[in-house]
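Following: one structure in structure tokens, then a few remarks.
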2 protein chains.
Amino acid sequence: MFARRQLQAFISVAELGSFTRAADRVHLSQPALSSSIRKLETLLGLSLFARDTRGVSLTPAGRHFLEHARRILAEMEQALDDAHSMAHLQRGLIRIAALPSVASSCLPRLTQAFLTRHPHVDLDIRDGLARAVQEWVNDGEVDIALTSRPEHEGLLNFTPLWQDELIAVTPRANGTQSPDWRRQLGELPYIALTPDTSIRPLADRALQAANMATSPAWEIAQMSSAIAMVRERLGYTLLPASCIEVFNLGSEVQTCPVPGIARELGILLRRPLQQSPALEAFMTLLQETFQPASAASSMRSDSAHASGVSTASINS
Amino acid sequence: MFARRQLQAFISVAELGSFTRAADRVHLSQPALSSSIRKLETLLGLSLFARDTRGVSLTPAGRHFLEHARRILAEMEQALDDAHSMAHLQRGLIRIAALPSVASSCLPRLTQAFLTRHPHVDLDIRDGLARAVQEWVNDGEVDIALTSRPEHEGLLNFTPLWQDELIAVTPRANGTQSPDWRRQLGELPYIALTPDTSIRPLADRALQAANMATSPAWEIAQMSSAIAMVRERLGYTLLPASCIEVFNLGSEVQTCPVPGIARELGILLRRPLQQSPALEAFMTLLQETFQPASAASSMRSDSAHASGVSTASINS
DNA sequence: CCAATTTACGTTCTCCGTAATCATA
DNA sequence: TATGATTACGGAGAACGTAAATTGG
């Protein structure tokens, strides 16, 4: 009851003062419209129109109901419009969290690409250290995060997309460079990032694997600070490769890849997945960016509804 | 689309976070509810819920639509309530017009009786001369009028209910009273009401039929003024019988019925009839008051809908 | 007789419940 | 395995259109 067409029919009859013309406007046969109005009257328990062979006019109750009907219909139309706008990405909001390294390397490019495609969707981006990012996803404060794999997934769902190699950042040596990164370090102190970063456990593992001391001489939160200390020859540090293009390392510093150990970066979502069309489009962009060739390996996208409603899901 | 139950179903699922429990609440089988939600999603073109084996949760679009759904549903409920209140005479308004003679004689009693039956219905009563009353009905300013029969009915519909006899109001004679009203008048001047009253043409016809002069010595708008003039022995006047119980005639005045000539009083409506339940109840009261025995002569009341919607009509 | 609405009736589509299937913890 | 959602399918009911009847000028 109170279907949309029924209300439109009623309003049309009220406005046109004629069943015949109203039936024409709402694309219904005149008897069907008559029956529809009669249903409405039965439902409400009173007459809405004063019938006369020469057209019809509203009863007082009908006039009163007309106001309700207009409000209901307007609200319905707006709900439809809103939903369609969202579905067609004419509006929407994605709250994105990212590690600082991601936020300062590839995320800006992704953002730019996404906004070019969907200029009417708002992006809310915040950056933070791994632990904070994980909390945001867990608490539903953000819809999606680009971060490292969490230790315990729980309700979280991590999909790896790319790997970030570690590099050793050392003061520039006077002699020739050694291809072995461990030779470069010599007896320099270890400038570590703080334990709440995603780099720190990785760096420690790399040092351990190389039989080197993991006890840091310094613990620094910001990568830029660590680099500055290296420039002053206070020690060496291990950073994600992506930071090379982010920071101005300067001539006093040289870098050397640390093979074998890499950081998994990817998408962190909370289950159950709250798929909005905008988020879906963003994940499609991620997929195209990081897996341009294969579209069926670890990312799977399947349409659910014939009418364009699709539920893409990314699983590891 | 956007049926009431569908919105209730959606809201229930959103609130309970479970199809099963929501199905129980809205008295639907769980598959039926699932299908109903699916229809809604197809209509809107997006997913409203993030499905998970352990319950469901709203997507951002779903959260947004929930606000719309609540507003639409609330408006629907209120429209239903309003209509039912009107239908059950828990509220309503009747705008009534009446001639001064009616408004000061039988209408107050009718009003009292109606308000006793239906204390929640508002009555808007205005009195005026015949011409004005007719205009009000014609312009839709009132819903019903208790007045005399108009000269040209046109879109108007008059149903006679009772007759108002004419009486001659004369200064008290010293000698014995004559049974013939014409003897009482002697050579007294004629104090007439103004031509826009319904009495005047009637009074003139009565005088004409009795071969008496119809040229008035005075023309007065208010009956009370005419009576006061008779008390001063300025002449005689012809008034509706109902005014006897309205005005304090005093001992200086005596009245005498004028047989044969009577004023038809009744209901004046505009076509098409705008039947509200309240107006219908009022007309039922009129019918009972003026035709307590016969219910089928000139007043006909027939039920239209099984659900209590009835369309009473009064035709001559 | 004409214009407009209502009634009658058959077809089609939708809604809904039962039963079976699927997915996940 | 147990819980909860979806699919499959069949019947009851609603929506709709065509055609005939009704009403009032």
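Please read all numbers here as calculations on a predicted model, not as lab measurements. Here is the naming used below: chain letters follow the sequence lines, and residue numbers restart at 1 for every chain.
In this structure, the CZ atom of A/Phe49 is 15 Å from the C1' atom of C/dA4, given to the nearest Å. Per the geometry, CD belonging to B/Glu153 stands 11 Å off P belonging to D/dG25, to the nearest Å. Taking atom CD1 of A/Ile37 as the reference point, atom C1' of C/dA4 lies 15 Å away to the nearest angstrom. Rounding to whole angstrom units, CG of residue B/Leu40 and C1' of C/dC15 are separated by 15 Å. At whole-Å resolution of the value, CG in B/Leu155 and P in D/dG24 are 15 Å apart. Between B/Gln30 atom CD and C/dA19 atom P there is a gap of 15 Å when expressed in whole angstrom units. For B/Asn157 and D/dG25, the CG to C1' distance is 15 Å, given to the nearest whole Å. Taking atom CZ on B/Arg4 and atom P on C/dC15, their separation rounds to 16 Å, with Å as the unit.
Residue B/Arg38 places its side chain closer to D/dT7 than to any other of C/dT6, D/dT7, C/dG17. Closest to the A/Ser29 side chain, of the nucleotides D/dG17, D/dA5, C/dG17, is D/dG17.
Checked for salt-bridge contact, A/Arg51 and A/Glu41 meet the test: a charged N lies under 4.0 Å from a carboxylate O.
For the salt bridge (charged side-chain N to carboxylate O under 4.0 Å, His left out) condition, the pairs that include at least one residue of residues 20-30 of chain B, sequence neighbours left out, are B/Glu15-B/Arg25.
In this structure, B/Ser34 and A/Leu28 both approach DNA chain D, and ranking their closest nucleotides by distance from the 5' end singles out B/Ser34. Looking at which nucleotide of DNA chain C each of B/Leu33 and A/Arg21 is closest to, the 5′-most match is held by A/Arg21.
Annotation: salt bridge (Lys or Arg N to Asp or Glu O under 4.0 Å) contacts of A/Arg131 (sequence neighbours excluded): none. In terms of the side chain to side chain contact (heavy atoms under 4.5 Å, CB included) criterion, residue partners of B/Pro60 (sequence neighbours excluded) are, by chain and number, A/Gln274, A/Ser276, B/Arg63. With sequence neighbours left out, the salt bridge (Lys or Arg N to Asp or Glu O under 4.0 Å) criterion links A/Arg5 to no other residue. Scanning for salt bridge (Lys or Arg N to Asp or Glu O under 4.0 Å) contacts around A/Arg270 gives an empty result, with sequence neighbours left out. Remark: A/Trp162 engages A/Phe290 in a ring-ring contact (aromatic ring centres under 6.0 Å, His included) (not counting sequence neighbours). By the salt bridge (Lys or Arg N to Asp or Glu O under 4.0 Å) test, B/Glu67 pairs with no residue at all, sequence neighbours left out. Under the side chain to side chain contact (heavy atoms under 4.5 Å, CB included) criterion, B/Asp81 pairs with no residue at all, not counting sequence neighbours. Under the ring-ring contact (aromatic ring centres under 6.0 Å, His included) criterion, A/Phe282 pairs with A/Phe114, sequence neighbours left out.
Between A/Phe49 and A/Phe65, the distance separating the two ring centers is not shorter than 6.0 angstrom.
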Between protein and nucleic acid, restricted to nucleotides 8-10 of chain D and to nitrogen or oxygen atoms under 3.5 Å apart, what atom pairs and distances do you find?
none

Dump every N/O contact between nucleotides 23-25 of chain C and the protein below 3.5 Å, one line per pair.
residue : atom : partner : partner atom : Å
C/dT24  : O4'  : B/Thr53 : OG1          : 3.3

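For DNA chain C, the residues of residues 5-20 of chain A within the heavy-atom distance limit of 4.0 Å (strictly under) are A/Ser18, A/Phe19, A/Thr20, sorted by number.
For B/His68 and A/Gln78, the side-chain atoms include no donor-acceptor pair closer than 3.5 Å.
At C/dC15, one or more side-chain N or O atoms of B/Lys39 fall inside 4.0 Å of OP1 or OP2 (strictly under the cut-off).
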